[in-house]
Amino acid sequence: MRFLIPIAVALALAPSTAQEVPGFGPVCPAPEICLEPALRLQLGLAQGYAPPWAAGGLLALRALEGSAYYRVRLGVWFEGALQWGLLEAYGTSQLGPLELSYGKRGELGGPWSETFVGQDGRWGVWVRYQGLEAAYLPHPALVGGQLYVGARSGEFQAGAFAEVAQGSLELTPRLSWRGALGEAFWQADQGFWGRLTLPLGEGPSGGAGLEGWVWWNPEWTYLGPGSFLQEGLRAWLLRPRKLVFGLAYTWEGWRFGAEASRAPVEAARVYLRLHLP
């Protein structure tokens, strides 16, 4: 019974195929400067591990100055508590064949760095030369940091983080693929995560689609206690450190989705979300 009221509200808010979803457009006081506001609202229809509702706004600024490009993204949201953050703030300059970026960028992250309004980036310095790239990402308070070295080729990217910890060098490989229908990642300390999008075509559906995603981080102790060599492959697969998966139907800025978590907690939720623009 306690879900009847939010379900009724969601049905009242949900658009018909004849409705046009409103949105915000970019505001460009000059050709080189544009502001891009966005708004996100979410209503929980059956919440197992999240607040019953959430709302947030995002303001992005992009600017060009000669060959330099600047981008800033500031978010404010309420998801059980009021939060805000500078998600991105960086500049990019072209120095001959080299591309230099400096500041806070939403790259080299994953679902663990996702906020209600987008990816929370990391501070650092990035250098790219053709398909090669390197980055230095300092830790908070400048206490140490990570060096990333990688390469890109088409839709694929491969690299590794290097960090000196307790007198030894730690390497964390990372592989990724981004294509027209989705993306897939693997990072040694975070496992596998990915997203697949299937468009349902134009016409009355207005460019609707189905989207599925998963984040699976198994225990990588192959030879120690709890490894699949000792307990069997099925037991190892069903007892990960992290397992979250979901499915959503999308239309314009609307999303009707369901998500389940098996580890580290077992819970599920169903939600309706509106994103403008």
Side-chain angles (χ1 to χ4, degrees), residues 26 28 30-36 38 58-75 84-115 117-180 182-195 215 217:
C28 302
E32 301 84 7
I33 302 176
C34 281
L35 293 172
E36 300 173 342
L58 183 69
L59 181 62
L61 166 69
R62 52 184 174 86
L64 288 173
E65 184 181 7
S67 62
Y69 171 78
Y70 302 95
R71 181 173 175 83
V72 177
R73 294 170 65 240
L74 177 65
W84 71 278
L86 183 64
L87 305 185
E88 281 190 319
Y90 68 90
T92 299
S93 301
Q94 200 71 34
L95 305 176
L98 293 178
E99 180 183 283
L100 174 66
S101 294
Y102 37 87
K104 189 176 186 180
R105 298 196 62 162
E107 295 187 17
L108 301 177
W112 61 89
S113 54
E114 187 76 23
T115 73
V117 292
Q119 278 276 335
D120 189 11
R122 294 185 63 179
W123 294 97
V125 179
W126 288 260
V127 178
R128 290 189 174 95
Y129 174 73
Q130 296 181 356
L132 304 177
E133 57 185 351
Y136 178 69
L137 310 170
H139 292 315
L142 302 179
V143 181
Q146 289 181 312
L147 176 66
Y148 174 82
V149 179
R152 295 174 183 260
S153 179
E155 300 175 343
F156 298 92
Q157 181 181 10
F161 296 94
E163 181 177 6
V164 177
Q166 298 179 351
S168 62
L169 180 63
E170 295 183 356
L171 294 177
T172 305
R174 177 184 171 106
L175 304 174
S176 67
W177 165 83
R178 283 189 173 98
E183 57 186 14
F185 298 83
W186 171 73
Q187 188 170 306
D189 60 340
Q190 299 290 346
F192 301 87
W193 67 96
R195 188 178 305 270
W215 179 14
N217 190 14

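Since the model is a prediction, treat every value here as computed from it, not as a measurement.
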For a quick test of reading the model, state the closest non-hydrogen atom pair linking [X] to [Y] and the distance between them.
{"X": "Trp126", "Y": "Ala135", "value": "CD1-CB, 3.4 Å"}
{"X": "Ser176", "Y": "Phe185", "value": "CB-CD2, 3.2 Å"}
{"X": "Val127", "Y": "Leu98", "value": "CG1-CD2, 4.2 Å"}
{"X": "Ser113", "Y": "Gln119", "value": "OG-OE1, 2.7 Å"}
{"X": "Leu108", "Y": "Gln157", "value": "CD2-NE2, 4.3 Å"}
{"X": "Gln187", "Y": "Thr172", "value": "CG-CG2, 3.9 Å"}

Take atom OH of Tyr129 as the centre, draw a 6.0 Å sphere, and report whether it contains more than 12 heavy atoms from other residues, nucleotides or ligands.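 Open: at most 12 neighbouring heavy atoms sit under 6.0 Å from OH of Tyr129.
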Holding to side-chain hydrogen bond (donor to acceptor under 3.5 Å, both in side chains), I want the full list of residues that pass it with [X], two or more places apart in sequence or in another chain.
{"X": "Thr92", "result": "Ser101"}
{"X": "Ser93", "result": "Tyr102"}
{"X": "Tyr90", "result": "none"}

Considering residues at least two apart in sequence or located in another chain, which fulfil the ring pair (Phe, Tyr, Trp, His ring centres under 6.0 Å) criterion with Trp112?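 Trp193.
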Supply the atom-to-atom distance Trp215 CH2 to Glu114 CD, rounded to the nearest 0.5 angstrom.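 Here the interatomic distance stands at 10.5 Å.
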Rounded at 0.5 Å granularity, tell me how far CZ in Arg105 sits from CG in Leu87.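 That separation rounds to 14.0 Å.
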Filter on salt bridge (Lys or Arg N to Asp or Glu O under 4.0 Å), then keep only pairs touching residues 163-180, sequence neighbours left out; what's left?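 Output for this query lists Arg178-Glu183.
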Give the intermediate values and the outcome of side chain to side chain contact (heavy atoms under 4.5 Å, CB included) for residues Leu137 and Phe161. CA-CA 10 Å; Leu137 310 170; Phe161 296 94; 3.9 Å; yes
Mind listing the side-chain donor-acceptor pairs of residues 61-75 below 3.5 Å, one per line with the distance, residues two or more places apart or on another chain?
{"unit_1": "Arg62", "atom_1": "NE", "unit_2": "Glu36", "atom_2": "OE2", "d": "2.5"}
{"unit_1": "Arg62", "atom_1": "NH2", "unit_2": "Glu36", "atom_2": "OE2", "d": "3.1"}
{"unit_1": "Arg71", "atom_1": "NE", "unit_2": "Glu88", "atom_2": "OE1", "d": "3.3"}

Salt-bridge contact Arg128-Glu107 (side-chain N to carboxylate O under 4.0 Å):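 Looking at Glu107 together with Arg128, the answer is yes, because their closest N to O distance falls below 4.0 Å.
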